[in-house]
Amino acid sequence: MFLVHRDIVLFYNSFVMANEARPCPCDIGDKFEHEEQGKVIQIEHIKAYVCKPHSSTDKAVIVVQDIFGWELPNTRFIADLLSAHGYITVCPDLFRGQEPWNPNSDWSVFPEWLKSRPATKVDKEVDVVLKYLREQCHVKKIGVIGFCWGGVVTHHLMLTYPDIKAGVSFYGIMRDAEDHYNLQNPTLFIFGEIDSVIPLDQVNVLKEKLKEHAKFDYEVKVFPKQTHGFVHRKKEEINPEDKPYIEEARKDMIEWLHKYIN
């Protein structure tokens, strides 16, 4: 689900055939019980979760959902975390009212479900979010982060939106076209070493292609012994052995944004 659409379909078809007992390693993980600090608003044709810091700022971060949708408490926790570090955060419903993936659904129908939710076809929604931030929040500097499906969205936006000054893509990847590596601004890519959705050979290709094509700063960081979704789907208290990596990845995200949109 974290490649371009054609790659997703091919990958999942083959994965389902090879792993009938558990056809997808992407589960919802530990659901956070989080007291939200923001509010839901309407931005033209989409809803969005917005959280603002206590002090005024001209900096914002767009937080992009995974396949489990913009209402997932885990994603809103990250939005609130970034707001606590001084950013206006917006988590828009980039599925445009369509249902998110239900973890109890039959994974064999996932490729068909995804066809109406292509990660590279979100520009209309991103444009209205950017307009809202500039005109109503008086924002001048904008970054983007995204998880899984949202990691692909982040990669896409960093290729196509020069006004977005920094990006952090968590376990999302695009491939198989040279124009997928000409980043418009600094981008950090974070992966888990034992992510069975995105194997390390794909990450290594990304590194090689970025080295060849990227004109802006980038980093590709792989966290040892970590699985898909570790940054936003694992509770540190439930997974103490993973806690240092979860905290380090979140710290990396914050430092990357501070460095390039401050």
Go through the side-chain N and O atoms of [X] and [Y] and say whether any donor and acceptor fall under 3.5 Å apart.
X	Y	value
D127	Y132	no
Y218	N185	no
S116	Q98	yes

* Please confirm whether F191 and H228 have ring centers closer than 6.0 angstrom. =>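 So the answer is no for these two rings.
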* Ring centre gap for F110 and W101 strictly below 6.0 Å ->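 For F110 and W101, the ring centres are under 6.0 Å apart.
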Does this structure show an ion pair linking [X] with [Y], if we count only N-O contacts that are shorter than 4.0 Å?
X	Y	answer
K131	E44	yes
D58	K141	no
E208	K211	no
K251	E255	yes

Within the 4.5 Å heavy-atom criterion, are [X] and [Y] side-chain neighbours or not?
X	Y	answer
L210	L183	yes
F223	V231	no
T187	F216	no
D93	Q65	yes
V40	W70	yes

* Asked: Which distance, rounded to the nearest 0.5 Å, do you find between the CE of M253 and the OG of S169?
  ->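 If I round to the nearest 0.5 Å, the distance is 13.0 Å.
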* What's the spacing between K39 NZ and E36 CD if we round to 0.5 Å? ->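 Reported to 0.5 Å precision, the distance equals 13.5 Å.
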* So which heavy atom on A119 is nearest to which on V152, and how close? ->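 Smallest interatomic distance, heavy atoms only, reads CB-CG1, 3.7 Å.
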* To do: Return yes if some donor-acceptor pair links the side-chain N/O of R96 with the main-chain N/O of L94 below 3.5 Å, else return no.
  =>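 Yes, R96 side chain to L94 backbone: donor-acceptor pair under 3.5 Å.
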* Asked: For the residue pair F147 and Y171, does the interplanar ring angle fall in the parallel (under 30°), tilted (30 to 60°) or perpendicular (over 60°) class?
  ->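 Correct class here is tilted.
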* To do: Can you label the angle between the H258 ring and the H85 ring as parallel, tilted or perpendicular, going by 30° and 60°?
  =>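 H258 and H85: tilted rings.
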* Candidate pair T227 and E193, rule side chain to side chain contact (heavy atoms under 4.5 Å, CB included), full reasoning -> CA-CA 7 Å; T227 57; E193 181 185 34; over 6 Å; no
